[in-house]
Amino acid sequence: MAPALPREILICTIARLLDGVRHVAVGASSPIPAAGAMLLRALKESEGAAPVKISILGSVEHNFFTNGSTELFDCAGQGRIDAFFLGGGQIDGHGNVNLVGVGDYPRSSVRWPGSFGAAYLYFVVPRVILFREEHTPRVFVDKVDFISAPGTSEPGVYRTGGPKALLTSKGLFSFDKEKAGFRLESVHPGHDLTEIQEATGFGFDHDAKPSQTPTPSPEVLSLLRGRVLDELSETYPEFAAQMRQTLTEREPVAS
Amino acid sequence: MAPALPREILICTIARLLDGVRHVAVGASSPIPAAGAMLLRALKESEGAAPVKISILGSVEHNFFTNGSTELFDCAGQGRIDAFFLGGGQIDGHGNVNLVGVGDYPRSSVRWPGSFGAAYLYFVVPRVILFREEHTPRVFVDKVDFISAPGTSEPGVYRTGGPKALLTSKGLFSFDKEKAGFRLESVHPGHDLTEIQEATGFGFDHDAKPSQTPTPSPEVLSLLRGRVLDELSETYPEFAAQMRQTLTEREPVAS
Amino acid sequence: MSDLRTMARLVESGMRVALPVDYAGVSMAMTRPLIERGAGNLDLVCVPTGGLQVDMLIGAGLVRSVETSAMSLGEAGGAPRFNQAIKDGTILIRDATCPAIHAGLLAAQKGSPFVPMRGLIGTDVLKNRADWKVIDNPFEETADPIVLIPAIKPDVAIFHVPLADRHGNVWIGRRRELAAMAYASAMTLVTAERIVDESLLTDEITAAGTLPALYVTQVAEARHGARPYGLWGEYPADTQELLRYAREARTAEGFSAYMQTSAEAA
Amino acid sequence: MSDLRTMARLVESGMRVALPVDYAGVSMAMTRPLIERGAGNLDLVCVPTGGLQVDMLIGAGLVRSVETSAMSLGEAGGAPRFNQAIKDGTILIRDATCPAIHAGLLAAQKGSPFVPMRGLIGTDVLKNRADWKVIDNPFEETADPIVLIPAIKPDVAIFHVPLADRHGNVWIGRRRELAAMAYASAMTLVTAERIVDESLLTDEITAAGTLPALYVTQVAEARHGARPYGLWGEYPADTQELLRYAREARTAEGFSAYMQTSAEAA
């Protein structure tokens, strides 16, 4: 079997971060988080554990909401969504997320789409996973130019949710609510601490020798390359096809 | 044609009171108000005037709401309901309505069903018609034992609606918001001022010689006894059948 | 799928229980299993009014309080066990008005502590609700009092629908207050006339009137499960039976006898 | 029934216009008639995000302000005319977050001046919204700040649906934000793929997904009226066309040329 692709390591890491959730919501254009959620669902099913529900926003097939686009937020407010993913044009060391733009608001020099539901969901979904593949100092900044959603809140502010982890193409960070900061948990294969420090515009805790992000077992990999990729191709056909092609190209090299 | 029955005079009076409304809501167990609304609708249609919409609550056939039982109240709050009817176990001279019970609340000696939507609708429906056939001092009291809905509100209280008229089996009153009191507008055929004063537990304005409530023209009566009674029998079959029978019994006497 | 007794066991003493209005889909089929189960001190929330089922639970002594906008048997008149309990002061009544109950459920649906509501100022409904608050509308410069209704978060909602599927999705049609009850409640127990294999969410037409399984704790089949109430699009109310109940349940003894005989008939 | 130009004439300068999200039923068919009509100084409310239609109205110079939770062309990237207008400061942007827009419409639906909403505290979204207010939750004894979102009352809502009937009822399926828009708005203009004779309210199954005529000002038929967006259950989005627009509308000239050629093609 071909060794795990970098994206497969991300998908398996997401499945691990989601362990224990009953219901996870995924954005319409988030194939890697969706794949992670689908992998967890498949793993739980094969273990005979409690089922994992996945809501894919904007998808007609995987949409089991029937009350319009307000239902996701209501559902989160009711405590029925355990995990969600957020990206961000900028993310800073306090877990603040900027989805709006760079420069002096409102006349941003670079304008991104906008905050979507982040200014609410970040407060009420217990396990928010910050996911951004691009790991550069322009994304991971010291201080965001606009707070779409803050990493932490002052005491007394109603908040049942917040950031749990930050996953990039280079490593995995956990978020410490008390310290309002990140800690590097592991470095993905092929990357190292120095590289991550240089690519990150904020300071973070870390071990002197951070561990490596675990690579998936052959069993998990075959579940991912089989059933999960099949499921994924229904909603994200281009992404799934691309992953299949990469795997086919690699196969001869590995064997 | 048989002369107008007392109930037909009530129905025609209601149609007159509703003149100009675009949308009237009627309770499920209110055949006389419903008949009045249906008569108005038929009259407007024959005049080629703007159509009158009627919502009959609790009816499946005449229910054009699709958002559950909250929609009536939302609709009223949006200003989309022009008229509504309220009864009341007790109604006092300030237009206060009691739908809850007699005696010391909460251990009422006589308990009625409850306030339903009155504590809201009385505030936001511009033309509320108080309708109670029984005209006795136990209904029309000096002061209600429990205010389900007040006739008037203090300045500064948001209020776009309130009582417009009070119709009983004996007469028709208008409501004066400034004076917070009723004025006898007309006495139904067969009744007189003294009788009404004795039957009413509160004082009210009136002319020295109040006029008589107009009886319907033959054209209006035939519309009522034809099309309107047909429409009515779909939703209130027993009431319509009873009215038909009374008309048949009367006919030989009148002719 | 579940059975009625298994579902009734999920209801525990002291729970807050949301029940729908007469015509929206009352799970009368659950009434006897609930009485058999015997979990008492229930705080009932009528959405937005109550009738036969509530009266029976009161008659059976299971009810501590009732929040409602009205209580009656419709054409069959007043609710006899409720009226007696009010006279005797054996239950706590929280008189409301229909949109206030909807507002409380809406607040829970939204994860909000309250929602504001117009009307109510100057009523004895408001005066007797220490749990409601009046604030000055902060969007107006002059005084503008407005009532805030706190979230109603039932422990369990119980209702009856025409149709459910094996996945736990239930078809509520335009009776969207049933969805509101489920959104607001920690548990939702549903009885259904029929249970079908194919998912109600597969077809956009049926999906539009479907409450998703996400909000549904258990579903059990119960033919004619709303009787003697009617069920929209299915069968009309049995007015004779309601009248019989209204007559017999005037006394505690009559109520017991009614429940006895109709249990034997069932 | 009406036609698109007749409907567009109901939109006047300075109106507040509610438009739905990409996938919910955008009436792209109304975009050109609106531009032809030329009523400007529009305050757009995106429910809850905006895309191609909003970008075109901005490009045509009809827009004074945009209240939205996001603006993009989805897979085709950023909204070019919007982004340029932001840079130039030629439109006022009211950045929101999805549930806040739903909350504002809900307040209007309920006839309430505001509804409360969790979250938002400490965001720059809140900091830039002088029209939102923070109060201390009166149901808590300790300090508990909560945001109040004022009612959003559009003058007109415009959207596209698969089906309408001759009575003015329109089928919205599970896209209930379309109903919320109509409830909140003074006028509602609807385009539909098909218009049928029989009332959608006659059958309980279709009634469940129907917005009643009571809330609908005018309906006009428009085949493929959402294109190049898709319409649920009907046709997918035309991504190539969205990409072409994204490419060409990068400049004001390119936008004009695009609108010119696609008008000729239509």
Side-chain angles (χ1 to χ4, degrees), chain B residues 28-29 57-60 63-77 94 96-101 103-125 144-161 238, chain C residues 20-24 46-50 68-72 74-75 78-79 82-83 86-89 92-100 102-103 105-106 117-128 137 140 142-146 172-180 209 230 232-233:
Chain B
S29 48
L57 312 180
S59 141
V60 173
N63 169 12
F64 55 75
F65 290 141
T66 59
N67 197 27
S69 68
T70 191
E71 187 170 358
L72 166 71
F73 307 103
D74 291 357
C75 204
H94 298 303
N96 298 316
V97 172
N98 174 5
L99 296 158
V100 161
D104 280 344
Y105 183 85
R107 291 184 66 171
S108 318
S109 56
V110 175
R111 169 79 202 196
W112 299 310
S115 303
F116 290 99
Y120 181 71
L121 294 175
Y122 212 32
F123 287 80
V124 297
V125 176
V144 295
D145 289 356
F146 184 98
I147 301 177
S148 286
T152 58
S153 297
E154 287 179 24
V157 171
Y158 179 90
R159 185 154 194 178
T160 56
E238 289 181 35
Chain C
V21 60
D22 305 355
Y23 51 79
C46 304
V47 184
T49 66
T68 191
S69 306
M71 265 295 290
S72 92
E75 287 181 65
F82 168 78
N83 288 351
I86 288 290
K87 237 178 230 147
D88 297 345
L92 178 68
I93 174 78
R94 289 195 179 89
D95 264 290
T97 186
C98 305
H102 294 305
L105 293 173
L106 181 68
M117 190 185 128
R118 288 302 193 184
L120 281 172
I121 312 276
T123 67
D124 285 335
V125 179
L126 175 62
K127 200 194 272 176
N128 286 282
N137 173 9
E140 285 296 325
T142 57
D144 176 20
I146 186 165
I172 58 167
R174 35 176 165 169
R175 299 263 49 107
R176 297 199 70 87
E177 61 268 53
L178 301 180
W232 76 96

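Keep in mind the model is a prediction, meaning the values are calculated, not measured. In what follows, chains carry the letters A, B, and so on, assigned in the order in which the sequence lines appear, proteins first and then strands, with residues in each chain numbered from 1.
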Which one wins on heavy-atom pair count under 4.5 Å against chain B: [options]?
| options | result |
| --- | --- |
| C:P48, C:S72, C:A180, C:G89 | C:G89 |
| C:V47, C:D88, C:D22, C:T142 | C:D88 |
| C:R175, C:R118, C:E140 | C:R118 |

So which part of [X] gets closer than 4.5 Å to some heavy atom of chain C, the side chain, the backbone, both or neither?
| X | result |
| --- | --- |
| B:S109 | backbone |
| B:F65 | backbone |
| B:V97 | neither |
| B:A118 | backbone |

Over all heavy atoms of both residues, which pair between [X] and [Y] is shortest? Give the atoms and the distance, please.
| X | Y | result |
| --- | --- | --- |
| C:P145 | B:V157 | CG-CG2, 4.2 Å |
| C:T123 | B:A119 | CG2-CB, 4.2 Å |
| B:N67 | C:R176 | OD1-CD, 3.2 Å |
| C:D144 | B:Y158 | OD1-CB, 4.1 Å |
| C:C98 | B:G117 | SG-N, 3.5 Å |
| C:V125 | B:S148 | CG2-O, 4.1 Å |

Tell me, side chain or backbone of [X] under 4.5 Å from chain B's heavy atoms, or both, or neither?
| X | result |
| --- | --- |
| C:N128 | side chain |
| C:T49 | side chain |
| C:A96 | backbone |

Drop me the distance from [X]'s [atom1] to [Y]'s [atom2], to the nearest 0.5 angstrom.
| X | Y | atom1 | atom2 | value |
| --- | --- | --- | --- | --- |
| B:T70 | C:L106 | OG1 | CG | 7.5 Å |
| C:T97 | B:L121 | OG1 | CG | 7.0 Å |
| C:I121 | B:R159 | CD1 | CZ | 11.0 Å |

- request: Sorted by first residue and then second, give each salt bridge (Lys or Arg N to Asp or Glu O under 4.0 Å) pair with at least one member in residues 107-120 of chain B; sequence neighbours left out.
  value: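 Passing the test, one end in residues 107-120 of chain B: B:R111-C:D95.
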query: With side chains defined as the heavy atoms from C-beta onward, is the minimum distance between C:I86 and B:P106 less than 4.5 Å?
result: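 No. Closest side-chain heavy atoms not under 4.5 Å.
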query: Below 4.5 Å, heavy atoms only, C-beta onward: do B:Y105 and C:I93 meet side chain to side chain?
result: yes
By salt bridge (charged side-chain N to carboxylate O under 4.0 Å, His left out) - contacts of B:D145 (at least two apart):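 Counting only residues at least two positions away or on another chain, B:D145 forms no salt bridge (charged side-chain N to carboxylate O under 4.0 Å, His left out).
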task: Please determine, among B:F116, B:Y120, B:F73, the option with the most heavy-atom pairs under 4.5 Å with chain C.
output: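 Of the options given, most contacts go to B:F116.
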